[in-house]
Novice: 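Pasting in a structure now, in structure tokens, and then I'll have a few things to ask.
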Amino acid sequence: MSGRSLRVLSVEDSADDTELILLELRRGGFAPSCERVATPETMRQALRRGPWDIILADFKMPHFSGPEALELLKAEGLDVPFIIVSGQVGEDVAVQSMKAGAQDFFRKDNLTLLPVAVERELREAERRREGRRVSAALREAQHHEGVLLDSIKDYAIFRVDTEGIITSWNPGVERVKGYTASEFIGKPFAMLFTPEQREQNMPMSELRQAAAEGIFQGEGVRLRKDGSLFEAELVLRPIRDERGRVTGFVKVTRDISARKRQERHLRLLAEASTLLVDSLDMKVTFSSLARLAVPMLADLCSVETLADDGSLELVAVAHQDPAKEALARELRRRYPRRNETPHGVLRVIRSGRPELVNEVPEDFFVRDSRGDEERLRVFELLGIRSHLVVPLLARGRCIGALSFVYMESGRRYDEEDLHLAEELARRASLAFDNSLLYERAQEAIRLRDEFLAVASHELKTPLTPLRMKLQVLRREAEAAPQSCLPADRVIRTLQVAESQVGRLNTLVHALLEVSNISSGPLALELDDVDLTAVVRDVVTRFEAQALKASCAVEVEAPGPVVGRWDRMRLDQMVTNLLSNALKYGPGKPVHLRVEPEEGRVTLTVRDEGIGIHPEHLLRIFDKFERAVSERHYGGLGLGLYIVRQIVEALGGRIAARSSPGEGATFEVSLPMSR
């Protein structure tokens with residue numbers, strides 16, 4: 001694929017990583033040629049063979065490092081853009097590297113913006129080279145008065161007399177400041193300063209300092225012809241005659257707004273990274289992030305996240321004016337986002353793509369208000385002029401959006417703002433995801449502790465009467481070793497023991513089932529099985545338990561219903577559902593119904609017991625979950641979880657319907673063939 005040629009020196013020990021970097025550069029429109037080095041000597045040789053457009057260096061290698069490569073580059077006296085590209089670099093190390101002279105840093109797992117950074121640094125390198133040409137020309141101008149560098153258009157270079165009147169012009173003046181020669185020459189150079197600077201007599205102060213010290217240099221805000229402000233790098237030197245008297249001045253002005261903006265963006269990202277790891281309370285963190293963005297990236301910033309039910313929650317709003325912040329909150333409270341709106345937060349969340357409106361049209365909010373005069377009035381009070389919305393993406397899904405708005409400042413969003421906002425959103429998404437993982441880990445620990453407590457209690461419960469009965473039997477045998485114990489007493493004791501051992505066996509079996517399920521898919525032995533026969537077998541087996549619970553068990557089935565199932569798993573499924581119904585519906589009838597349909601069969605188990613609150617219906621099929629207190633009903637909270645695993649392994653689905661006090665209905669739908 002054709003593209004802009006780019007000579008790349010890769011300081012990297014991995015050929016694969018170098019190829020990934022080159023692939024990203026090709027995607028960004030470059031046609032890179034590359035040499036890879038991994039030791040100081042090979043890099044020194046490559047630098048001397050040069051020239052190179054860009055150096056991309058890993059931070060740490062077995063025999064070399066990014067900082068060492070940077071020092072070697074400086075020692076060679078070469079000005080080549082140097083970018084750290086590493087899988088190990090963190091924010092603190094990156095900032096130190098940039099202070100040492102690196103232009104930027106990227107992680108190897110996020111190279112999307114690398115081509116943009118390379119393009120920017122190529123421009124900056126060209127400007128530095130041009131700057132050196134300007135400095136050389138200015139030194140020459142000290143010996144040859146009146147020589148101006150008309151070929152340099154990125155710098156405004158002009159002369160003023162001792163009274164501050166402009167006497168010359170170069171093409172850079174028009175490019176940087178907007179003035180043609182006829183509009184510029186003969187005017188006081190004070191017109192290039194803001195009214196506040198003129199009131200402070202700053203123009204003449206610069207001339208006096210340059211005359212007294214031989215140079216005035218610094219940075220400051222200056223005024224363009226159209227009234228806009230820009231950040232400038234300034235150099236003012238006196239012009240002297242053969243007697244050393246000052247006869248005028250040469251001034252060089254360079255627009256450094258882009259560089260200053262980049263520096264502010266880097267500071268913003270560094271501060272954002274710090275606050276995003278300060279707290280796991282994401283409402284607090286997002287609120288701090290929104291306030292950090294104001295006013296550097298927005299007049300108003302808001303954060304909205306997507307709830308489980310699909311609704312949007314406004315978690316943070318920030319504006320320097322508390323009244324406008326309150327107005328924005330009120331707008332969201334009274335007028336929720338509309339799904340049909342073709343722009344804004346919901347569109348960004350649905351599509352996962354950002355939205356940038358550089359200039360909000362006059363009828364933008366008229367259309368959005370749809371005749372609601374009060375809503376339109378609130379929009380007009382906010383005075384939104386430009387907006388930017390970026391998605392919060394975590395693990396392949398959109399979890400919310402960051403919104404940035406320019407209002408009273410009059411600024412407008414552009415592509416560079418978009419890149420910054422996306423990077424902020426990326427870091428915020430990672431922090432949000434880490435917070436969710438932490439919450440889930442805490443919940444898992446809570447469930448584990450609760451399960452261990454319940455399991456300990458449940459396993460101990462049958463052991464206590466079993467031990468007591470056996471102790472009584474042993475003492476009686478020890479008291480009269482030669483006599484025979486009454487058969488009925490021994491039988492009753494053994495019945496109790498058998499019952500408790502059976503209960504222990506059930507609990508241990510449930511734990512083993514969960515362990516097997518967790519280790520992989522259920523193993524199925526499929527055969528032709530009659531579901532009706534399985535149901536009736538289970539009901540027969542539970543006759544004693546149903547009698548003890550005073551429950552009449554009713555079975556409604558049309559006849560044999562044969563499908564390709566695992567008989568043992570089918571029996572286990574019906575057993576758990578019936579056991580559940582008897583436990584929570586004592587004294588009430590339990591109804592089982594088998595309904596064949598075309599290619600499927602539905603098994604319904606309904607009790608008339610205590611019922612389940614609707615908010616618990618979604619979680620009762622999860623591991624260790626229950627909708628009632630384990631203190632009153634016991635159990636490990638595994639029965640319905642195992643049922644769901646069996647049903648899904650057989651290609652079916654299960655659902656529950658219930659209301660408190662009205663019993664519960666469980667419906668299992670199974671395909672009759674696999």
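Just so you know, these numbers use all the heavy atoms, side chains as well, and skip hydrogens, waters and symmetry mates. Owing to the predicted nature of the structure, the values given are computational and were not obtained by experimental measurement. Numbers for residues simply follow the sequence, beginning at 1.
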Novice: Mark yes or no for whether S65, through its side chain, and K60, through its backbone, hold a donor-acceptor pair below 3.5 Å.
Specialist: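 No, S65 side chain to K60 backbone: no donor-acceptor pair under 3.5 Å.
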
Novice: Considering only heavy atoms from C-beta outward, does the side chain of I239 approach that of F249 to under 4.5 Å?
Specialist: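 Heavy-atom side-chain distance check fails, nothing below 4.5 Å.
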
Novice: Any chance you could measure S10, atom OG, to L22, atom CG, to the nearest 0.5 Å?
Specialist: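 Reported value, rounded in 0.5 Å steps: 7.0 Å.
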
Novice: Does the pair E196 and Q200 meet the rule for a side chain to side chain donor-acceptor pair (under 3.5 Å), with working shown?
Specialist: CA-CA 6 Å; E196 294 78 14; Q200 298 168 12; over 6 Å; no

Novice: Does either side chain, that of D58 or that of S86, offer a donor lying less than 3.5 Å from an acceptor on the other one?
Specialist: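 Looking only at side-chain atoms, S86 and D58 do form a donor-acceptor pair, the distance falling under 3.5 Å.
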
Novice: Looking at every heavy atom in both L111 and P115, which two are closest together, and how far apart are they?
Specialist: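 Between these two residues, the closest heavy atoms are O-CD, 3.7 Å.
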
Novice: Between R412 and G410 (side chain of the first, backbone of the second, donor and acceptor by atom type, cut-off under 3.5 Å), is there such a pair?
Specialist: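 Checked: pair present.
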
Novice: Show the numbers, then the answer: is there a side chain to side chain donor-acceptor pair (under 3.5 Å) between R427 and S273?
Specialist: CA-CA 7 Å; R427 300 182 188 202; S273 296; 2.6 Å; yes

Novice: Could you verify whether a donor N or O on one side chain and an acceptor N or O on the other, from D299 and S409, lie under 3.5 Å apart?
Specialist: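 The answer is yes; a qualifying pair exists.
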
Novice: Charged N to carboxylate O below 4.0 Å: is that the case for R426 and E423?
Specialist: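 Salt bridge: yes.
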
Novice: Keeping Q197 on the side-chain end and T194 on the backbone end, is there a donor-acceptor pair under 3.5 Å?
Specialist: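 Judged by distance alone, yes, a pair lies under 3.5 Å.
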
Novice: State, with a plain yes or no, whether a side-chain heavy atom of L56 is found less than 4.5 Å away from one of L25.
Specialist: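 Sidechains of L25 and L56: in contact.
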
Novice: Please examine the side chains of V85 and I83, heavy atoms only from C-beta on, and report whether any two atoms are closer than 4.5 Å.
Specialist: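 Yes, side chains in contact.
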
Novice: Only one of F184, W169, Y179 forms a ring-ring contact (aromatic ring centres under 6.0 Å, His included) with F158, so which one is it?
Specialist: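 Exactly one option meets the ring-ring contact (aromatic ring centres under 6.0 Å, His included) with F158, and it is F184.
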
Novice: Grab the two heavy atoms, one from S403 and one from V345, that are nearest each other, plus how far apart they are.
Specialist: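 Heavy atoms only, the tightest pair is OG-CG2, 3.3 Å.
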
Novice: Is the backbone of Y413 close enough, under 3.5 Å, to the side chain of S386 for a donor and an acceptor to pair up by distance?
Specialist: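 The answer is yes, because a donor-acceptor pair under 3.5 Å joins these two groups.
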
Novice: Report the residue from R222, R175, K177, R224 that forms a salt bridge (Lys or Arg N to Asp or Glu O under 4.0 Å) with D255.
Specialist: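 Passing option: R224.
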
Novice: Return the minimal non-hydrogen interatomic distance between P354 and R347, and the atom names on each side.
Specialist: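 Scanning both residues, the minimum pair turns out to be O-NH2, 3.3 Å.
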
Novice: Measuring from atom CG of L392 to atom CZ of F286, what distance do you get when rounded to the nearest 0.5 angstrom?
Specialist: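 It is 5.5 Å, given to the nearest 0.5 Å.
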
Novice: Strictly by ring pair (Phe, Tyr, Trp, His ring centres under 6.0 Å), give each pair with a member in residues 259-281 just once, sequence neighbours left out.
Specialist: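 Those involving residues 259-281 do not exist here.
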
Novice: Got a donor-acceptor contact below 3.5 angstrom from the R237 side chain to the F216 backbone?
Specialist: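 Side chain of R237 to backbone of F216, a donor-acceptor pair under 3.5 Å: no, none is there.
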
Novice: For K283, does the NZ atom sit with more than 12 other heavy atoms under 6.0 Å from it, leaving out its own atoms?
Specialist: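 Open.
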
Novice: Go through R261 and E231 one step at a time and tell me if the salt bridge (charged side-chain N to carboxylate O under 4.0 Å, His left out) criterion holds.
Specialist: CA-CA 9 Å; R261 184 182 186 185; E231 292 174 276; over 6 Å; no

Novice: Assess whether a salt bridge exists between D17 and K108, defined as any Lys/Arg side-chain N lying under 4.0 Å from an Asp/Glu carboxylate O.
Specialist: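 A salt bridge is present here (some side-chain N lies under 4.0 Å from a carboxylate O).
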
Novice: If you take all heavy atoms of P391 and C398, which pair is closest and at what distance?
Specialist: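 In terms of heavy atoms, the two residues are closest at CB-SG, 3.8 Å.
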
Novice: Using the rule given for side chain to side chain donor-acceptor pair (under 3.5 Å), can you reason through T285 versus S288, listing the C-alpha separation, both sets of side-chain angles and the distance that settles it, and then say yes or no?
Specialist: CA-CA 5 Å; T285 300; S288 300; over 6 Å; no

Novice: Are side-chain heavy atoms of L312 and L346 found at a separation under 4.5 Å?
Specialist: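 Touching, per the 4.5 Å side-chain cut-off.
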
Novice: Can you establish whether the number of heavy atoms outside E359 located under 6.0 Å from its atom CD is more than 12?
Specialist: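 Counting neighbours around CD of E359, more than 12 heavy atoms of other residues, nucleotides or ligands fall under 6.0 Å, so yes.
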
Novice: What is the distance from atom CZ of R254 to atom CD of E130, rounded to the nearest 0.5 Å?
Specialist: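 Going from the CZ atom of R254 to the CD atom of E130 covers 8.5 Å.
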
Novice: Step by step, work out the salt bridge (charged side-chain N to carboxylate O under 4.0 Å, His left out) result for R385 and E408.
Specialist: CA-CA 8 Å; R385 296 291 175 263; E408 62 278 355; over 6 Å; no

Novice: Do H387 and F404 have side chains that get closer than 4.5 Å, going by heavy atoms?
Specialist: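 No; the side chains remain at least 4.5 Å from each other.
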
Novice: What pair of heavy atoms forms the shortest contact from V389 to A401, and how long is it?
Specialist: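 The pair with the smallest heavy-atom distance is CG1-CB, 4.0 Å.
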
Novice: Do NZ/NE/NH1/NH2 and the carboxylate oxygens of E124 and R129 come within less than 4.0 Å?
Specialist: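 No, this pair does not count.
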
Novice: So which heavy atom on L73 is nearest to which on V80, and how close?
Specialist: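 Of all heavy-atom pairs spanning L73 and V80, the closest is CD2-O, 3.5 Å.
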
Novice: I'd like to check the salt bridge (Lys or Arg N to Asp or Glu O under 4.0 Å) partners of E219; sequence neighbours left out, ordered by chain and number.
Specialist: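 Testing E219 for salt bridge (Lys or Arg N to Asp or Glu O under 4.0 Å), a comparison that skips the adjacent residues, returns R259, K260.
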
Novice: Start with the C-alpha gap between D104 and R120, add the side-chain angles, then the distance that decides, and say whether salt bridge (charged side-chain N to carboxylate O under 4.0 Å, His left out) holds.
Specialist: CA-CA 10 Å; D104 209 339; R120 180 191 65 230; 2.6 Å; yes

Novice: Before accepting this row, confirm whether a basic side-chain N of the pair K225/E174 lies closer than 4.0 Å to the acidic partner's carboxylate O.
Specialist: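 No, K225 and E174 are not salt-bridged.
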
Novice: Would you give the length of the straight line joining atom CD of E119 to atom CG of L114, rounded to the nearest 0.5 angstrom?
Specialist: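 Rounded to the nearest 0.5 Å, the CD-CG separation comes out at 12.0 Å.
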
Novice: Would you check if the side chain of E325 reaches a backbone N or O of H319 as a donor-acceptor pair within less than 3.5 Å?
Specialist: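 Checked: pair present.
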
Novice: Evaluate the salt bridge (charged side-chain N to carboxylate O under 4.0 Å, His left out) criterion for residues R353 and E422: first the C-alpha distance (whole Å), next the side-chain angles of each, then the deciding distance (0.1 Å), finally the verdict.
Specialist: CA-CA 10 Å; R353 295 191 299 273; E422 287 182 316; over 6 Å; no

Novice: Do M61 and V11 pass the side chain to side chain contact (heavy atoms under 4.5 Å, CB included) test, and can you show the C-alpha distance, the side-chain angles, and the key distance before you say yes or no?
Specialist: CA-CA 9 Å; M61 294 169 286; V11 185; 3.5 Å; yes

Novice: Is the shortest heavy-atom distance from the side chain of I165 to the side chain of V160 under 4.5 Å?
Specialist: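 The answer is no, as the side chains (C-beta and beyond) never meet within the 4.5 Å cut-off.
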
Novice: With rounding to the nearest 0.5 Å, note down the distance linking OH in Y155 to OG1 in T253.
Specialist: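 So the OH of Y155 and the OG1 of T253 are separated by 11.0 Å.
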
Novice: Give, for atom CZ of R159 and atom CG of N170, the distance between the pair rounded to the nearest 0.5 Å.
Specialist: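 Reported value, rounded in 0.5 Å steps: 12.0 Å.
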
Novice: With side chain to side chain contact (heavy atoms under 4.5 Å, CB included) as the test, would you mind laying out the steps for V315 and S287 before giving the verdict?
Specialist: CA-CA 7 Å; V315 295; S287 179; over 6 Å; no

Novice: Show your reasoning for whether side chain to side chain contact (heavy atoms under 4.5 Å, CB included) applies to T167 and I185.
Specialist: CA-CA 5 Å; T167 60; I185 296 174; 5.6 Å; no

Novice: Below 4.5 Å, heavy atoms only, C-beta onward: do L47 and L78 meet side chain to side chain?
Specialist: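 Yes - at least one pair of side-chain heavy atoms lies under 4.5 Å apart.
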
Novice: Can you list the steps and then say if E183 with T180 is a side chain to side chain donor-acceptor pair (under 3.5 Å)?
Specialist: CA-CA 5 Å; E183 297 169 324; T180 62; 3.1 Å; yes

Novice: Run the numbers on D79 and R132 for side chain to side chain contact (heavy atoms under 4.5 Å, CB included), then give the verdict.
Specialist: CA-CA 11 Å; D79 181 7; R132 288 192 290 272; 2.8 Å; yes

Novice: With sequence neighbours left out, what residues match D16 under salt bridge (Lys or Arg N to Asp or Glu O under 4.0 Å)?
Specialist: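 Partners of D16 by the salt bridge (Lys or Arg N to Asp or Glu O under 4.0 Å) criterion come out as none, since no residue qualifies.
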
